[in-house]
Protein chains: 2
Amino acid sequence: MTKTEKTNKKIKATPEPTLRRLPRYLHLLKFLRETGDKSVSSTYIAKELGFDPTQVRKDIEYTGIVGRPKTGFNIVELISSIEEFLNWKNITDAFLVGTGSLGTAMLGYGRFKDYGLNFVAAFDNNEMKIGKTIHETPVLSMEKLVDLAKRMHINIGVITVPAFAAQHSADLLIEGGIRAIWNFAPIHLKVPEGVLVENAQLTQSLAVLTHKLADAISKD
Amino acid sequence: MTKTEKTNKKIKATPEPTLRRLPRYLHLLKFLRETGDKSVSSTYIAKELGFDPTQVRKDIEYTGIVGRPKTGFNIVELISSIEEFLNWKNITDAFLVGTGSLGTAMLGYGRFKDYGLNFVAAFDNNEMKIGKTIHETPVLSMEKLVDLAKRMHINIGVITVPAFAAQHSADLLIEGGIRAIWNFAPIHLKVPEGVLVENAQLTQSLAVLTHKLADAISKD
DNA sequence: TAGATTGTTAATCGATTAACAATC
DNA sequence: TAGATTGTTAATCGATTAACAATC
């Protein structure tokens, strides 16, 4: 490798596995904070969650914090660092599309503000639901989605409609200028370049479980 | 590598990324089946879902099906092969612990049988809920969980309780002989060797979304 | 047949794990 | 100080992607 190549190495994007592990550290750290501990080592976190200590240190390094040899990381600082890194300190307004059982459950969860998300409005086609509120979030007609998203500069849309309606919901959100979609429908959304889609598909998780279980049982 | 090593290579477990992609193929294939198509190529699947064709072929290979050069894979056979591989054809009885908003939503989903899961009972501590049914699933007292799990030989437990109650719920399920836990609580469960845990933690998915979005916006 | 697609091996890429000097 | 832990580089591992002969 030439010196130039070495110098020009661009800042790498955070690996997704790292991003997925950070919330797990966060939950453990918040628990430790409760117990009054002041600092924690990567060794401890790793043992507690079943990871490799080096991996934990590398993950933490991405968030920008530095630890101290011998003592480890300051818990309060580390929590702050991770939350900052995931952008969970700036509460982002979001639209939710589809107020079925899952959508209703999400509106009722009430803890999404801890994860930087605030549902300002929900949308549905069902006349019975429009005009009402679900856990204090107003339910509006789908027809209002595009304009309202534009006016409010909404960046995040959450799709909890049935599969057949998901692409249309996505299209509307995108027309409204949304930048990121959290998709719960079991379908691949087609979106233009620049729009982020994160699939929270339960069936993917379930597939891992059922296959591994069948595998384990077959070995009994 | 010696000849012996080559011969003794053990059957590798399916990589998790493969297991997570299979349901995505399945959803697409079911859609294609509706349209009347008879066969599909890995090239087409890859283009449709944004994957690499070779990857699609390798994934499909794990399920044991073989395709035909020039034409590709028979859609009906491929659907069957994937469902078989994920063990979604044998409906497995499952217990659900925690009938809050998420638990209720899951009981109401009604499609889990398509994914090999059948909720035979739900459990809660709330006296108001015990004895009732939620979407036709009876809600029972937590005190009945262990015995009933043993008697019914339940293999899968789904945890939808708040974080503070999750470990206790897991302990009960394990005492009842459960083999696999689908965990929705934002906490790391400690389980004995041999018990599978699959975390369906929404916060992990959300972390990916919020970090990438913040990253994208900062580059505007 | 010609050409598209499979099945499979090899090359690449990226993430995980090991090793260890620096440091508190 | 001695020893535990960090930060970082190197080695390993495994998954993805490229290449291509076999085949329908």
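Fair warning: this is a prediction, and the values are worked out from it, not measured in the lab. Labels below follow one simple rule: chain letters A, B, ... track the order of the sequence lines, proteins then strands, and each chain is numbered from 1.
Taking the side chain of F73(A) as heavy atoms from C-beta on, and the options dT16(C), dT6(D), dT6(C), the nearest nucleotide is dT6(D). For K70(A), taking side-chain heavy atoms from C-beta onward, the closest of the listed nucleotides dT17(C), dA4(D), dT6(C) is dA4(D). Taking the side chain of P69(B) as heavy atoms from C-beta on, and the options dT6(C), dA18(C), dT17(D), the nearest nucleotide is dT6(C). The nucleotide whose nearest atom lies closest to any side-chain atom of S41(B) is, among dT6(C), dT6(D), dT17(C), dT6(C). Of the candidates dT5(D), dA18(C), dA18(D), the closest approach to any side-chain atom of T54(B) belongs to dA18(D). Closest approach to the P15(A) side chain among dT17(D), dT9(D), dA15(C) is made by dA15(C) (side chain taken as heavy atoms from C-beta onward).
Pair check for dT6(C) finds dA21(D); Watson-Crick or G-U wobble, both atom distances under 3.5 Å. Pairing partner, dC13(D): dG14(C), with both Watson-Crick or wobble hydrogen-bond distances short of 3.5 Å.
In terms of position along DNA chain C, the nucleotide closest to T14(A) lies nearer the 5' end than the nucleotide closest to the other residue of the pair R57(A) and T14(A).
For the pair I65(A) CD1 and dT5(D) P, the interatomic distance rounds to 17 Å; values are reported in whole Å. One can place OH of Y62(A) at 14 Å from C1' of dG7(D), the figure rounded to the nearest angstrom. The distance from atom CD1 of I60(A) to atom P of dT8(D) is 14 Å, rounded to the nearest whole Å. If you measure from atom CG of D59(B) to atom C1' of dA15(D), you get 10 Å, rounded to the nearest angstrom. Here the C1' atom of nucleotide dC24(D) and the CG atom of N74(B) are 15 Å apart, to the nearest Å. Taking atom OH of residue Y44(A) and atom P of nucleotide dT5(D), one finds them 13 Å apart after rounding to whole Å. In this structure, Q55(A) places its CD atom 11 Å from P of dA18(C), rounding to the nearest Å. The distance between atom CD of E61(B) and atom C1' of dT17(D), rounded to the nearest whole Å, is 15 Å.
Within the structure, a side-chain polar atom (N or O) of S42(A) is placed less than 4.0 Å from OP1 or OP2 of dT6(D). Taking only side-chain nitrogens and oxygens, R21(A) comes nearer than 4.0 Å to OP1 or OP2 of dT16(C).
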Exercise. Does the pair L209(B) and I156(A) meet the rule for a side chain to side chain contact (heavy atoms under 4.5 Å, CB included), with working shown?
Worked result: CA-CA 9 Å; L209(B) 190 80; I156(A) 296 182; 4.1 Å; yes
For this session: List the steps, then state whether side chain to side chain contact (heavy atoms under 4.5 Å, CB included) holds for R24(A) with Q201(B).
Result: CA-CA 9 Å; R24(A) 304 191 61 176; Q201(B) 293 177 13; 4.2 Å; yes
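Within the 4.5 Å cutoff, the side chain of M106(A) has heavy atoms near those of the F184(A) side chain.
Checked for salt-bridge contact, E83(B) and K30(B) meet the test: a charged N lies under 4.0 Å from a carboxylate O.
There is a side-chain donor-acceptor pair under 3.5 Å between D124(B) and T99(B).
Other residues, nucleotides and ligands place more than 12 heavy atoms under 6.0 Å from the OH atom of Y109(A).
Across all strands, T18(B) comes closer than 4.0 Å to no nucleic acid atom at all (heavy-atom distances). Backbone-only contact: R68(B) has heavy atoms under 4.0 Å from sugar-phosphate atoms and none from a base.
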